[in-house]
Amino acid sequence: MTSLEQVEISKYHNELVHDVRHLVQKYGRIMGWEVPELDEAEASKLILQALKNALADVEREQ
């Protein structure tokens, strides 16, 4: 049986995906200001890895 918490968080899935996309775009723009010839695909990979690392840090704090 699905817990109430799982049901509740599943309601936010699309919003979470939207927020993560926004973060990737935000930091991609920032990197583009600093690196004029930015490889956007590589930058996105680096940003996603940085987000994963940040999530792991937050998870360890819990």
* Asked: Should the heavy atoms of other residues, nucleotides or ligands under 6.0 Å from CD of Q49 be counted, would the total exceed 12?
  -> yes
* Would you say V24 and V35 are hydrophobically clustered, going by side-chain heavy atoms of ILVMFWY under 4.5 Å? -> yes
* **Residues in salt bridge (charged side-chain N to carboxylate O under 4.0 Å, His left out) contact with K11, at least two apart in sequence or another chain** => E8
* In chain order, what residues pass the salt bridge (charged side-chain N to carboxylate O under 4.0 Å, His left out) check against R21, with sequence neighbours excluded? -> none
* Hey, any chance L55 and Y27 share a hydrophobic cluster, counting ILVMFWY side chains that come within less than 4.5 Å of each other, even indirectly? -> no
* Asked: Where the side chain of Q6 meets the backbone of S3, is there a donor-acceptor pair that is under 3.5 Å apart?
  -> yes
* Check whether V7 and I9 end up in the same hydrophobic cluster, where Ile, Leu, Val, Met, Phe, Trp and Tyr are linked by side-chain heavy atoms less than 4.5 Å apart. => no
Could you list the donor-acceptor pairs under 3.5 angstrom formed by side chains in residues 37-48, with sequence neighbours left out?
residue	atom	partner	partner atom	Å
D39	OD1	A41	N	3.2
D39	OD1	E42	N	3.2
S44	OG	E40	O	3.1

* **Rounded distance (nearest 0.5 Å) linking atom NE2 of H13 with atom CG of L16** => 8.0 Å
